[in-house]
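Note that the coordinates shown come from a computational prediction; the quantities given were computed from them, not determined experimentally. Numbering of ligands and ligand atoms starts at 1, following listing order.
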Amino acid sequence: MRQSLGRPKDGIISNSPNLKANNLNIEKIIKEIVNKPVNVKNDGMCAGIAEKEYGSLKNCNNGVFLGIGTGIGTAIFIGGKLEESIRSAGHMIIERDGRRCNCGKYGCFEAYASMKTLKTQVRERLMKEDLSSKQILELLQDRITLEHLDDIISEYIGYLAIGISNISRLCSAEILTIGGSFVYYKDILFDRLQSELDKIMLPMEKEMTKINLAELGNDAGIIGATLI
Ligand SMILES: [Zn+2]
């Protein structure tokens, strides 16, 4: 099986743009510290496995888990089985000559639709580089601040919807579940995302794919790791 970007094989991370790790034997390093057997898996995949076993993807055959956080992790299930050979959707290009991504390409999905991207843009607009994620969430709960940032949110939602629409169509997904730190911002972002998807997806696509949120929240990755 070919190894995907950021998906460890034999305990080695070959290339993780966000961790800035290349050919890092993380299994060996952790094993030396904890002195116990260690099994290394991609976090997005772990979260998807947990949602398939216990959460939002439980009863579907074709389903997609998108972990939207620092980057965008993906776990795709076809015929009820995890397709480990499908690479992460975070690095599919959705904008020609677009923003530079940590992976080195330009215009990647996660360069527009990760939570890290959204938070960076909020910090830049408000000229407060040291805002924590919690502070950004509190700021976005204020109606006047939210209006001030409306164009940023609108652009973010637009790109996120394009990516989701593409992935769900390609996989004939019955359910596409969004997890990662996006779930903390669900009250601000999820209704807007649904409205945007309503605009850009065909009626048959909307009928085919239900978009929901991770039932296990941002803990899905930890729970999934225990299942491996
Ligand atoms: Zn990329």
Table please: side-chain donor-acceptor pairs of residues 181-191 below 3.5 Å, with sequence neighbours left out.
residue	atom	partner	partner atom	Å
Y184	OH	N218	ND2	3.3
Y185	OH	S133	O	2.9

Identify the two heavy atoms, one from C108 and one from K105, that lie closest to each other, and give their separation to 0.1 Å. SG-CE, 3.6 Å
When you look at E84 and K41, which way does the salt bridge (Lys or Arg N to Asp or Glu O under 4.0 Å) test go after all the steps? CA-CA 11 Å; E84 287 200 53; K41 283 279 176 192; 3.5 Å; yes
Atom pairs and distances, side-chain donor-acceptor, residues 31-39, under 3.5 Å, sequence neighbours left out:
none

Environment of the Zn ion (ligand 1) in terms of protein N/O/S atoms, cut-off under 2.8 Å: H91 ND1, C101 SG, C103 SG, C108 SG
Taking atom types as modelled, find out whether S172 and N62 have a side-chain donor-acceptor pair closer than 3.5 angstrom. no
Which Ile, Leu, Val, Met, Phe, Trp or Tyr residues join L202 in one cluster when any pair of side-chain heavy atoms under 4.5 Å counts as a link? M204
